[in-house]
Amino acid sequence: MRFAACLVLLAVCAVRGADVRDCVCDLTSPETAQIRACSLCLEAAKHPASEHVILLKDNDPTKPNRWLVIPRAPYDGSDPLARMTEAERLALWNAAIDKGAQLWGTAWGVAMNGDIARRQCHAHIHVGKLLEAKLLESKEADNGFYVESAAQLPVITDGTGLWFHPVGGRLHVHIGEQVTEIVLMR
């Protein structure tokens with residue numbers, strides 16, 4: 001019961017001050033550099049256009065075990081996955097899966113928060129070590145489903161997030177939540 005209360009508190013804190021549905025980061029404006037929600041947009045712009053997917057160590061000091069995967073292209077605001085091409089989405093998912101497997105074997109997870117919970121305008125995916133199985137029992141009881149590969153991951157168009165992790169050579173996918181990154185070790 002105490003664990004459930006902590007999860008709810010984390011979710012509420014994560015959503016406070018978020019919501020990037022109407023976010024527009026103008027990279028030509030000096031004021032954009034002062035807006036925390038635009039920091040990933042600025043980071044992506046530093047990379048050459050030929051670098052379509054960027055892997056970054058999360059610089060949030062409360063998340064020392066996390067990595068971020070971002071597109072070089074400016075997918076800001078709501079439903080970024082729906083605006084990407086299939087090839088762009090697959091490149092992001094595969095980069096995230098590869099990084100997770102490289103760092104944590106089969107104990108990794110990938111999460112993308114929903115539009116209301118995201119605190120960064122630029123589309124980004126969290127990669128981290130999946131929390132221990134006992135901590136995830138309540139999450140695993142939901143209506144998740146399995147896909148064979150990243151190419152079969154759903155394209156979210158309703159503003160919610162998704163998270164997935166490997167199980168027996170397949171991906172166990174969970175959708176319909178705003179705050180998804182809480183399944184990963186901070």
May I ask you to decide if [Y]'s main-chain N or O and [X]'s side chain share a donor-acceptor pair within less than 3.5 Å?
| X | Y | answer |
| --- | --- | --- |
| R186 | R66 | no |
| E177 | G161 | no |
| R72 | A44 | yes |
| D58 | N65 | no |
| D115 | D79 | yes |
| Q178 | A117 | yes |
| Q120 | L40 | yes |
| R89 | L92 | no |
| R118 | M112 | no |
| K99 | G128 | no |

Got a sec, which residues hit side chain to side chain contact (heavy atoms under 4.5 Å, CB included) with A96, two or more places apart in sequence or on another chain? V69, V110, I125, V127
Sequence neighbours left out, what pairs pass ring-ring contact (aromatic ring centres under 6.0 Å, His included) with at least one residue falling in residues 22-66? none
Which pairs count as ring-ring contact (aromatic ring centres under 6.0 Å, His included) when at least one residue sits in residues 63-95, sequence neighbours excluded? W93-F164
N113 CG to E181 CD distance, which is reported to the nearest 0.5 Å: 4.5 Å
Closest heavy-atom pair and its distance - A150, N94: CB-OD1, 3.5 Å
Among all residues two or more places apart in sequence or in another chain, which pass the ring pair (Phe, Tyr, Trp, His ring centres under 6.0 Å) test with H124? H126
Taking disulfide (SG to SG under 2.5 Å) as the test, write out the residues that go with C41, two or more places apart. none
Sub-4.5 Å side-chain heavy-atom contact between L162 and V173: yes
Report the residues that fulfil salt bridge (charged side-chain N to carboxylate O under 4.0 Å, His left out) with E88, sequence neighbours left out, ordered by chain and then residue number. none
